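Throughout, protein chains are lettered first and strands after them, A, B, ... in sequence-line order, and every chain is numbered starting at 1. Note that this is a predicted model, so its numbers are computed, not measured.
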Number of protein chains: 2
Amino acid sequence: MATELTVLEPVSTSCCSPVTGGVLSDAEATSLAARFKAMGDPSRLRLLSLIAATETGEACVCDLNESLDLSQGTVSHHLGILVKAGLLTRTKRGQWSFYALVPGAMATLARALDA
Amino acid sequence: MATELTVLEPVSTSCCSPVTGGVLSDAEATSLAARFKAMGDPSRLRLLSLIAATETGEACVCDLNESLDLSQGTVSHHLGILVKAGLLTRTKRGQWSFYALVPGAMATLARALDA
DNA sequence: TCGAGGCATCGACAATCGTCAATGTACGCG
DNA sequence: CGCGTACATTGACGATTGTCGATGCCTCGA
C-alpha cells in the first residue's frame with residue numbers, strides 16, 4: 001500500500017491535475033488518491049453532508065455524534081482524517097470544536113474529474 | 001468497515017446525490033463512498049489516466065502493465081475494481097482485454113461534489 | 001494438436017482501516 | 001479548588017486492502 005502523507009497542502013494549488021487530462025505522475029496520483037480515499041467511507045461522506053447542511057456552515061462533534069450512531073471517539077477520528085485531507089477546517093471556540101467545509105475544496109476535486 | 005457491494009449499478013441513475021445538497025442517507029453515502037474508494041489508490045488513478053490518454057480511448061492489460069511497474073496480476077486486480085465501481089468497461093477482443101472509461105461516469109461523480 | 005501469449009484468479013502476506021471502550025486534556029462553572 | 005462537559009488520543013480488535021508469485025483458463029498461430 002502506498003505511504004500516506006501526514007498532512008496535505010491546500011486543495012487549491014497544483015494538487016489536482018485532472019485524471020483525464022494526460023498521464024498522472026506518481027506524486028500527482030498519490031496526492032489525489034489521498035483525498036479520494038478520505039471520501040471513500042460512508043461515515044465521512046455523511047459527516048461532510050451534515051456539516052454542509054447546517055445553517056451556519058459549521059458543526060461541533062456533539063451534534064454530529066448524535067446524528068451518526070457512532071461513538072464519539074470514532075467521529076472525532078473521522079473528522080481528523082477529513083481535516084488532514086484538506087476538506088474540513090477545525091476551529092476551537094470555548095469548549096467546542098467547530099468543523100466547517102474548506103471553501104472550494106470539493107469543487108476543485110470535482111474539476112479533477114471533469115477535465 | 002461497511003459491507004461492500006459486489007457490483008455497482010451504473011453511475012448515472014440515482015446513485016450520486018450531491019454531498020453538499022442535504023444530508024445523505026445511509027444508502028446514498030455507501031454507494032458514493034464505494035466509488036470514491038475505488039479512486040482512492042494511486043495505482044488506480046494512474047490506470048484511469050493512462051486509459052484516458054490513449055488515442056483510441058481503450059487499452060489492454062499488457063500495455064498498462066508496462067507503464068505501471070506492477071505485476072500483471074495486480075494490474076488486473078485494480079482494473080477489476082474499477083469495473084465494479086462502474087468507472088471502466090471491459091471488452092474482450094481476441095486474445096486481449098480492452099478497458100475503456102465509462103462515458104460520463106467521472107463527470108457524474110464530479111457533480112456529486114459540486115452541487 | 002501443441003505451444004505460447006494474454007489475462008483472471010488463487011493463496012498468502014504485511015499493512016492499513018474502521019470501530020470501540022477507556023483514558024487523557026482542556027475549558028467553563030460553581 | 002473541584003466537578004462536569006466537550007473533545008482528542010490511546011490501545012486493541014477484526015476486517016479489508018495492495019501486492020506478489022503461482023496457477024489456471026482462453027485464444028491464436030504453427
| task | May I ask you to verify if any side-chain N or O of B:Ser43 is less than 4.0 angstrom from the OP1 or OP2 atom of D:dT19? | result | yes

note: A:Leu47, atom CG; C:dG18, atom P; distance rounded to Å ~ 12 Å

Between CG of A:Leu45 and C1' of C:dC17 the distance, given in whole Å, is 15 Å

Taken to the nearest whole Å, CD/A:Glu58 to P/D:dC7 is 12 Å

Exercise. Indicate, with a heavy-atom threshold strictly under 4.0 Å, whether B:Ser76 touches base, sugar-phosphate, or nothing.
Key: base

A:Lys37 NZ to C:dT16 P, in whole Å, measures 9 Å

note: A:Arg46, atom CZ; C:dG18, atom P; distance rounded to Å ~ 16 Å

To the nearest angstrom, the CD-P distance between B:Glu66 and C:dG5 comes to 14 Å

Each nucleotide of nucleotides 22-30 of chain C classed B (base within 4.0 Å of a protein heavy atom), S (only sugar-phosphate) or -, in 5' to 3' order, makes -----BS--

Checking D:dA8, C:dC7, C:dT19 against the side chain of B:Trp96 (C-beta onward), the nearest is C:dC7

Practice problem: Report yes or no: does A:Ser67 contribute a side-chain atom to a donor-acceptor pair with the main-chain N or O of A:Asp63 at less than 3.5 Å? | Solution: yes

Open item on the list: Taking any heavy-atom pair under 4.0 Å as a contact, classify B:His78: base, sugar-phosphate, or nothing.
Closed with: sugar-phosphate

Heavy-atom donor-acceptor pair, A:Ser76 side chain to A:Gln72 backbone, under 3.5 Å | no

Discussion item. What contact category does A:Thr74 fall into here, base, sugar-phosphate, or nothing, at under 4.0 angstrom with non-hydrogen atoms?
Written reply: base

Scan A:Phe98 against the nucleic acid and name what it touches under 4.0 Å (heavy atoms): base, sugar-phosphate only, or nothing. nothing

Do B:Thr89 and B:Phe98 touch side chain to side chain, with heavy atoms closer than 4.5 Å? no

note: B:Leu64, atom CG; C:dA8, atom C1'; distance rounded to Å ~ 15 Å

Would the distance check show the side chain of A:Arg90 and the main-chain N or O of A:Tyr99 forming a donor-acceptor pair, the cut-off being under 3.5 Å? no

B:Arg44 has its side chain closest, among C:dC7, D:dG18, D:dA8, to D:dG18

Rounded to whole Å, CG of A:Leu70 lies from C1' of D:dC7 at a distance of 16 Å

Going by heavy atoms in the side chains, are B:Val102 and B:Leu88 under 4.5 Å from each other? no

Contacts of B:Ser25 meeting side chain to side chain contact (heavy atoms under 4.5 Å, CB included) (sequence neighbours excluded), chain-then-number -> B:Ala27, B:Glu28

- Query: Any side-chain N or O of A:Tyr99 under 4.0 Å from OP1/OP2 of D:dA6?
  - Reply: no

The nucleotide from C:dG18, C:dT19, C:dC7 with an atom nearest the side chain of B:Val61 is C:dC7

Open item on the list: What I'd like to find out is whether the side chain of A:Lys37 reaches to under 4.5 Å of the side chain of B:Asp41, using heavy atoms alone.
Closed with: no

